Amino acid sequence: MINLLYFARLREALQTGSETLDYRADLATVAAIVDLLKARGGVWGEVFADDQTVLVAVNQEMCDLSTVVTDGDEVAFFPPVTGG
Amino acid sequence: MINLLYFARLREALQTGSETLDYRADLATVAAIVDLLKARGGVWGEVFADDQTVLVAVNQEMCDLSTVVTDGDEVAFFPPVTGG
Amino acid sequence: MNQIKIQTEPFDLAAIQEELRRDNPAIGAVVTFLGQMRDINEGDRVSTMTLEHYPGMTEKALQAIVDEAEARWQLMGIRVVHRVGPLHPLDPIVLVTVASAHRGEAFQACEFVIDYLKTRAPFWKKEQTAEGERWVDARHSDDAAERRWQR
Amino acid sequence: MNQIKIQTEPFDLAAIQEELRRDNPAIGAVVTFLGQMRDINEGDRVSTMTLEHYPGMTEKALQAIVDEAEARWQLMGIRVVHRVGPLHPLDPIVLVTVASAHRGEAFQACEFVIDYLKTRAPFWKKEQTAEGERWVDARHSDDAAERRWQR
């Protein structure tokens, strides 16, 4: 299982803060997961469109599309941060 | 009259914090006053020796040997500052 | 020795600085950054701001920033406190305070921590204005501030 | 709007920062430098330090430094407090706190004021150690810190 988390502007647009995906070998990178989410169409296609800046963390560490995802990982998507 | 002030290490070495000099036309620069003090010899010669770093302020503004001194001025001598 | 806190309640600026410096006479300099909420942003009056964060990752990201500061400079303690939840103008948002024997290192480390926090710690601000709610956009000036420190 | 104080009594770090930021919601950043007395200098244990100054000139010199900071950066208030007289380890010696809309300017102005104070304000430290009294020597690192700001 993969835990997906969404924060801030993304969470509001997608109308969900989290979901789980069954782990499959073809979801073994961040890029594969993004493709799956994008393919849902509608607001998912908009949020993950290529011209949108979406940051991703795997197990609470910033990473990128090529990062490997394994069963049990936490994968979070969010916009550029604005704290401080 | 010129008011002379001495601070910190200088005040202790010279064993005085202040004195007044009658104003004279030949005391019209800081350099002339330093020469007069140096000429007293002893500890005065040591404190104002050429190899000593002595800072000078005229009327509470940092200045240098060439600064003009006029009747009524306050001329202060002190070592490099070490506050903060 | 270092401490990171994420909290909804206000923090006590004086108590944090005092606790950091009080018992260590080897400390010569304490530099403190306080970020407070402004009532105007991008020209609009802001009445309330809500700070969202990513629990767990926030602490890890701040710890990594603090560890990096420790590695780069000779320091004697760092405190980072960041509020989340609803905030109003004049509310303190974030505190970074750094102690060192000498001021140069304390200044550099303090600015480093807040610059990195601004670009690497998962916090997001949402503003309430007369025209409604809006998410605050990331600032290019913050990216530029972070890049100064890159090695 | 800016304030400079020379005093023998301790100062209230928290009250000064609060007074500076409290009523101005245009302020986004407050950067504070606190210098405190260390118990070791040049390898020797120091039990007491006495700070001498040049009354009148000190205030003028600090005012000139603060005015220069105001001219260089967009600021919303500066406070400088410096103690004189006898001090002991852990005693706060000097406080510089600067408010601004944005952090970059507050950091720069705060460091500028303390760097200039160290080389331009007429204060002198005398230390009491086990070996007796001694005047503290000016540090080359302070001259170098000041030179960074010269235009």
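Since we're looking at a predicted model, the values are computed, not measured. Chain letters run A, B, ... following the sequence lines, proteins first, then strands; residues in each count from 1.
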### Query
Hey, does the side chain of C:Glu127 reach the backbone of C:Thr129 with a donor-acceptor pair shorter than 3.5 angstrom?
no
### Message
If you count heavy-atom pairs within less than 4.5 Å of chain D, which of C:Asp115, C:Ile93, C:Thr97 leads?
### Response
C:Asp115
#### Entry: CG on D:Leu95 to NE2 on D:His82, rounded to 0.5 Å
11.0 Å
### Query
Which of the residues D:Ser141, D:Cys110, D:Ala145 is involved in the greatest number of heavy-atom pairs with chain C at under 4.5 angstrom?
D:Cys110
### Task
State the CZ-CD1 distance between C:Arg79 and C:Ile4, to the nearest 0.5 angstrom.
10.0 Å
#### Entry: Side-chain (D:Arg83) to main-chain (D:Gln7) donor-acceptor, under 3.5 angstrom
no
### Task
Under 4.5 Å, counting heavy-atom pairs only, tell me which of D:Pro89, D:Pro92, D:Ala99 racks up the most with chain C.
D:Pro92
### Query
Around atom CD of C:Gln74, are there more than 12 heavy atoms of other residues, nucleotides or ligands at under 6.0 Å?
no
### Message
Under 4.5 Å from any heavy atom of chain C, what part of D:Arg148 do you find: side chain, backbone, both or neither?
### Response
neither
### Query
Among D:Asp91, D:Leu90, D:Asp12, D:Leu13, which residue forms the greatest number of heavy-atom pairs with chain C at distances under 4.5 Å?
D:Leu90
### Query
What residue, out of C:Ala106, C:Ala101, C:Gly104, has the most heavy-atom pairs lying under 4.5 Å from chain D?
C:Ala101
### Gap separating the CG atom of C:Asp67 from the CD atom of C:Glu70, nearest 0.5 angstrom
7.5 Å
### Message
Using a 4.5 Å heavy-atom cutoff, which residues in residues 21-41 of chain D come close to chain C?
### Response
D:Arg21, D:Arg22, D:Asp23, D:Asn24, D:Pro25, D:Ala26, D:Ile27, D:Gly28, D:Ala29, D:Val30, D:Val31, D:Thr32, D:Phe33, D:Leu34, D:Gly35, D:Gln36, D:Met37, D:Arg38, D:Asp39
### Query
Pick from C:Arg139, C:Arg120, C:Lys118: which one makes a salt bridge (Lys or Arg N to Asp or Glu O under 4.0 Å) with C:Glu146?
C:Arg120
### Task
Please work out which of the three classes, parallel, tilted or perpendicular, describes the rings of C:Trp149 and C:Trp73, given edges at 30° and 60°.
perpendicular
### Query
Roughly how far apart are C:Leu62 CG and C:Lys5 NZ, rounded to 0.5 Å?
13.5 Å
